[in-house]
Each structure stands twice: as C-alpha cells, then as structure tokens.
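Here is the structure we will look at.
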Amino acid sequence: MERKLIIAANWKMNKGPAETAEFIESFLPGSEELSERCDIIIAPPFVSLPAAASLLADSVVALSAQNVSDQDEGAFTGEVATCMLNEVGVQYVILGHSERRAIYGESDQFINAKVRKALTADLHPIFCIGETLEERESGKLEDVLRTQMSGGLADLTVEHMSDVVVAYEPVWAIGTGVTATPDQAQEAHAFVRTLLEEQFGAEVAGATRIQYGGSVKAGNSAELMAQVDIDGALVGGASLEAGSFRDLIANAVA
Ligand code: 13P
C-alpha cells in the first residue's frame, strides 16, 4: 500500500502572528514541488492561525491547530471549539501530544473525546502516542502503546480512520536531540500498525499514515522516512526555521 508522506511542523508555544507570517513567506516558494511527494502541514499557536490561514489560502500547505476542546461552546474558559477552527480554515488538529499528557494531565479518555469531537467537525486528528524512557527501559513499550491506541481511538469506525494520522513520538526523543534509531522507530511503527490491524482491520492498518516525532531534523529525515512503516514526521525544533524545515522535507522526499 502506497502511503504519501505527511510532515507537520508543531511549533508548540512559539511564533505569534508576525513571526508566523515571516516564516510562511519564506517557506512557501518551492513548497509546491515538495508537496508532490509529501503532504505539508504547519501547526502554529491559536492566535497565529488566522494570519497563517490567509497566507496559506492558495498554497499546498495545510493548517493545523495544536489542541481543541471536547465541548461545542459555552462556559469553558480558555478553550477553543472545533467550529472556531473550522471558521478560520484549519484542517488538522494535534491531539494527545506527550506535553498535553504529561504537563496538563490529559488522559486517554479525554483525548478520545477530543478525537471524536474533531472528527465530527471534519478536522483530521494527528493523534500522538509514545512511551517515556522509564517505560521503555522497564519493558512496557508495547503495553503503553496498546493502552494509548485503544483508549485514544476508542469507538472510532473504519470510516473515521481514513481521517486520522497517528504520530509515534517517544517522549525521551522529544526536544532532547536524541533520536530513536531508524531500527528502533521502525520496530515501534510496525507494532503500532499491528495494533491498528487488531482494532480496525488490515485495510485501515495498511492505509493509515504513521508519523515519527522526536528530534527529526534535516540530517536524519531521509533515513527515518526510508523505513517501511514510517510515513512522515511530526517536527518540533527543526520546524521553527523555514530553511531547516524545507531541507528536512527535501531530504525526506529525495
Ligand atoms: P522535537 O522535534 O523538537 O524533538 O519535538 C518533537 C515534537 O514533540 C513534535 O510534536
């Protein structure tokens, strides 16, 4: 099954509207050619989404939010609803990121509510999973991934899954400069694909794109993307500068 690469820039809490505009103006030239072999997504903070949306309107680059509420509207101070993201022109939303899980205490059940809410609003979830170093070293990798996958994707249908991207991000590789080796990443991705097969069947397992995240950069994107079960990347640090993000994608598709 041929799966088109999908590479997303997760800017986390970086870049207001002005810096967002500066990045996009510098990144867009040349992006059309890259997009023939790779779907490209940028995920700025909420306040920068309108500026990004207007600059990306006629481009090949898609727009993602970094979170969304599990509620529709009302008294939820500080939250942003799916219909607001729709109104701005957002197509994807990152959910279940390890920073949301670890720092803000998001549970598998809560993440699942957001995933289901996003799908009802035609937003594509980029659903993140991944183990800590302690979990990996104590032999719990498979248990952790199984729990995150079954909890976070609970009650989804086969049809829903065509809108879902999974991102495997080992927590110990995020922002540390320590990347999983291509073999380590491939092994985890192959396991995630077997979990997809258990949950949704062989067709979904074959079609679902699984991104790798954790210290991906221009220097390692090619060897990571060369692995059979790695279908893209979710990139933090190396996506903050237009040139390095472009090189990372160019090497991945080469
Ligand atoms: P880094 O690429 O900075 O390691 O961040 C990865 C990440 O968390 C993307 O969501």
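Just so you know, these numbers use all the heavy atoms, side chains as well, and skip hydrogens, waters and symmetry mates. Just so you know, ligand 1 is whichever comes first in the structure, and atom 1 is the first atom listed for that ligand.
Here the side chains of I126 and L234 are in contact, with some heavy-atom distance below 4.5 Å.
Among L248, I249, V253, the one residue that satisfies the side-chain contact (heavy atoms from CB on, under 4.5 Å) test with S221 is L248.
Listed by chain and number, residues touching ligand 1 at under 4.0 Å (heavy atoms only) are N10, K12, H97, E169, A173, I174, G175, G214, S215, L234, V235, G236, G237.
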Tabulate below the donor-acceptor pairs under 3.5 Å that side-chain atoms of residues 182-193 make, not counting sequence neighbours, or state none.
| residue | atom | partner | partner atom | Å |
| --- | --- | --- | --- | --- |
| Q184 | OE1 | T181 | N | 2.9 |
| Q186 | OE1 | D229 | N | 2.9 |
| Q186 | NE2 | D229 | OD2 | 2.8 |
| H189 | ND1 | D229 | O | 2.9 |
| R193 | NE | D229 | OD1 | 2.5 |
| R193 | NH1 | A205 | O | 2.8 |
| R193 | NH1 | T208 | O | 2.8 |
| R193 | NH2 | D229 | O | 3.2 |
| R193 | NH2 | D231 | OD2 | 2.7 |

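Among residue pairs with one or both ends in residues 89-107, those qualifying as salt bridge (Lys or Arg N to Asp or Glu O under 4.0 Å) are K12-E99, R100-E106, R101-D108, E106-K114; sequence neighbours excluded.
S31 contributes no side-chain N or O that, together with a main-chain N or O of V61, makes up a donor-acceptor pair within less than 3.5 Å.
Applying the ring pair (Phe, Tyr, Trp, His ring centres under 6.0 Å) test to H160 and every residue at least two apart in sequence or in another chain returns nothing.
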